[in-house]
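Below is one structure, written out as structure tokens; comments come after it.
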Amino acid sequence: MSSARERILGKVRRGLGVPASRGPAAAHAAREQAYAAAASPRQPWDGDSVDRFCQRFEAWAGTWQRVPDASAIPAAVQPLLAEGDALAVAAHPLLQQLDWPQDLAREHRHPADCQLAVSVADAAIAETGTLVLCSGPQSPTTLELLPETHVVVLRTETILPDMEAVWRHLQPDPAFPARSINAISGPSRTADVEQTIQLGAHGPRRLHVLLLAPDPAP
Amino acid sequence: MQSRAREFPLRARQALDDQSLRQALAKAQDGFVGKRQTAIDAFPQFEALRDRGTAIKDHTLAYLDVYLEQFERAVQDAGGQVHWAESAEDAQDIVSDICRQAGASRVTKAKTMAGEEVGLNEALETAGFEAVETDLGEYIIQLAKEPPSHIIAPAVHKTRQQISDLFNTHHHGGRLQSALREVPELVDEARQRLREKFLTADVGITGANFLVAESGSIALVTNEGNADLTHTLPRVHIAIAGIEKLVPTLDDAACMLRLLARSATGQDTSTYTTFVTGPKRASDPDGPEAFHIVLLDNGRSRMLGNRYREMLRCIRCGACMNHCPVYGAVGGHAYGWVYPGPMGSVLTPLFTGLDGSRDLPNACTLNGRCQTVCPVRIPLPELLRDLRRQQFERGLAARRTRWGLAAWGLIARRPRLYHLLARLGVAVLGRLGKRKGAFRRLPLAAGWTASRDMPAPQGTTFQQLWKQRQKDAQS
Ligand code: SF4
């Protein structure tokens, strides 16, 4: 019995007029020849990656501030919390060791019941002002989507020029690719009502970055 | 979804009479065209980017069998399941079966054109599931029980007032005291309604903007984040995508995304760009337990063997319709199926048959703007002309068109006769129309004069003028 799979692949090969014996090596060689020897054109910019990131991120209605070191993170988050807000903190080593204003028991609430979440970005893209977060135990995707405010700690050394550089940066991790690699540029938005841009469509209404410079060499 | 492309002339006429539709379309087209242009002006190497995008898709299509198998293996390695659907019915059955086996009752959906193509919503509802669209535009037209009128902005034809009325009727039984007026109120209302659906859905269905062969990932782009809520919260995630959506590598996807965002909305990236690979891992705190991808053929493999293979490069950006004067005048619903505008006029006849959609390839002025803006350089006007030729050869063109063309061919092949008749025509029409300078009505040309006047010819024919000029130049 030929399956739908066999039939579709058969039709594809008949359409292309090729035998079933071609393998990835042939495709790879043809790809190199066709275009892959050079890199994709990208958006040029002046200045360094950190400035470029911040400027683009602002253009997406994201906000940011610098923090001198990790211990300053809770104090930077505090003003963003309103009376009675619940806080969700990702189980990331950088965040877990900190002194949080509320007891971390609140973290056990469902993210849907939290108003503010804090995560750590795995990388960022300077070209487009984009944060990159990989789902996993240290970075639940729901934290990026459900609370009204999302605060993301971004280490400046992980701001890379473009998406291709992000792939190079993440690939050595044995868990790569994570189930969900989320590239986020500003708060959730929609233009579906009369082409008017409105923030807070389904995801966070506010996206705030805490820029963390690398530790000075000991 | 059943094609109603046959009704194009009727629906086009209705659309032309609909003032609010025409206003909405004009506003939307201006917005899309301007934003795209600004984004491209800011990208010096955009032409090189288009070349690369075209090369990526051409290469992928030439090795599609290899990349399909590579993708399948990678998905399976990541713990996902791959399903192959030859037809729309196959896709419906596969998706309904998965939902049934998952014991689902509520299904959330993020905008998928492939899903629209196979009529997924109807199939799910018939099978007894509640299917909720979560893209705001799709949600609005789902309430209105309409198909999308644009592939990027499905509710582009709806005014704020209409949306407010829909929400009042469907959310409040028409009992809302003070109607929702402002955009933020409307978006907030939808946010609250849909949040509850997201949190209680059993299955989430998304499309895929790209399928990445090397990693088995699917790329999803949205501005709202609804696709991410759809694939992260329910127990089961099903993605459905045409087999032409493949690209070889993650780097290739990065390049295609640069093209897509700029061409679609004039952004340099969408707000959310997500790469999903397989289901939840053992240590993951969230994500679905199962991941399914449905690879849809539905006529695509047939296009690989002829010149319509070029159409399979399409990344569904919508730029061609945003720049099309016909789409701008009649909107997406007139086209009668899921894909409107120039790309739809090519795809609908190819997917649903040429007889049922014979007006679509002809609803085109061949001005060529679509080809100029298409990020993957699809020669849309040429493909449309080719479809017209096929129609003519298969005797599908309207009788009047066939006779008219035959008569014209007869004359055009005989230069002397042609000149004689042209001279005669110009002289007679010139004399008849002298007083008013134009004709309100002409026999055999009622279609043309119905909406404009035909200027009366002045003086002589082009051929005569040309001869005269050459004579003057010599003496
Ligand atoms: S045909 Fe070209 S312009 Fe039109 S939707 Fe497809 S990719 Fe975009």
Side-chain angles (χ1 to χ4, degrees), chain A residues 3-5 7-9 11-18 20 22-24 26-27 30-31 34-35 40-44 60 112 127-128 130 135-137 140-142 145 162-164 167 175 177-186 188-196 198 200-203, chain B residues 27-28 31 43-45 48-49 52 55-56 59 62-66 68 70 84 86 90 136-137 153 155 160 163 183-184 186-187 191 194 199 215 217 223-226 228-229 232 248 250-251 254-255 268-269 271-278 280-281 283-287 297 301 304-305:
Chain A
S3 63
R5 176 186 188 277
R7 284 194 298 274
I8 291 175
L9 285 171
K11 279 190 268 186
V12 167
R13 292 197 178 102
R14 265 197 305 287
L16 295 172
V18 296
R22 296 193 308 173
R31 179 173 171 272
Y35 61 87
S40 162
R42 66 154 206 219
Q43 183 84 55
W60 295 120
E127 180 181 5
T128 47
T130 303
S135 67
T141 298
T142 33
L145 299 168
D162 48 33
M163 187 178 271
E164 288 88 337
W167 299 139
R179 180 194 75 84
S180 184
I181 301 176
N182 308 312
I184 305 174
S185 310
S188 154
R189 71 196 58 210
T190 183
D192 275 339
V193 182
E194 294 192 344
Q195 306 279 293
T196 310
Q198 175 65 36
H202 290 299
Chain B
K27 189 171 160 206
F43 195 99
Q45 278 187 286
L49 190 67
R52 191 181 179 86
I56 289 174
H59 164 75
Y63 286 85
L64 190 58
D65 53 329
V66 179
L68 280 167
Q70 192 187 1
W84 302 74
E86 285 186 277
D90 289 356
L136 180 53
R160 211 179 334 162
I163 297 169
V183 177
L186 290 166
V187 172
R191 177 189 170 103
L194 287 168
L199 290 169
S215 59
S217 313
N223 282 328
E224 299 181 4
N226 61 311
D228 298 306
L229 286 160
T232 298
L250 289 163
D251 280 1
C255 171
D268 53 9
T269 174
T271 306
Y272 294 91
T273 302
T274 306
F275 291 82
V276 178
T277 316
K280 174 183 175 180
R281 314 282 153 81
S283 58
D284 280 355
D286 52 22
D297 182 345
S301 58
L304 283 169

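Chain naming here is simple, since letters A, B, ... match the order of the sequence lines and numbering starts at 1 in each.
P184(B) touches chain A through backbone and side chain together, each having a heavy atom under 4.5 Å away. Interface remark: L136(B) contributes backbone and side-chain atoms alike to the contact with chain A (heavy atom separation under 4.5 Å). If you measure heavy-atom distances from A20(A) to chain B, you find no contacts under 4.5 Å at all. For L186(B), the part lying under 4.5 angstrom from a heavy atom of chain A is the side chain only. Proximity to chain B (any heavy atom under 4.5 Å) is restricted, for T130(A), to the side chain, taken from C-beta onward. At a 4.5 Å heavy-atom cutoff, the contact between Q198(A) and chain B is made by side-chain atoms alone. For a residue to count as touching a neighbouring chain, one of its non-hydrogen atoms must lie under 4.5 Å from one of that chain's; by this rule L49(B) touches chain A with backbone and side chain alike. The contact between L68(B) and chain A is made entirely by side chain atoms (from C-beta outward), counting heavy-atom distances below 4.5 Å. The parts of P24(A) that come within reach of chain B are both its backbone and its side chain, each placing non-hydrogen atoms under 4.5 angstrom from that chain.
Side-chain contact check for I56(B) versus P248(B): some heavy-atom pair is nearer than 4.5 Å. Side chains of V276(B) and R179(A) form a contact here, defined as non-hydrogen atoms less than 4.5 Å apart. Between Q70(B) and Y63(B) the shortest side-chain heavy-atom distance does not fall below 4.5 Å.
Ion pairing between a basic and an acidic side chain is recognised when a charged N comes within 4.0 Å of a carboxylate O; E86(B) and K11(A) show such pairing.
Atom OG in S135(A) sits 8.0 Å away from atom CD1 in I181(A) (nearest 0.5 Å).
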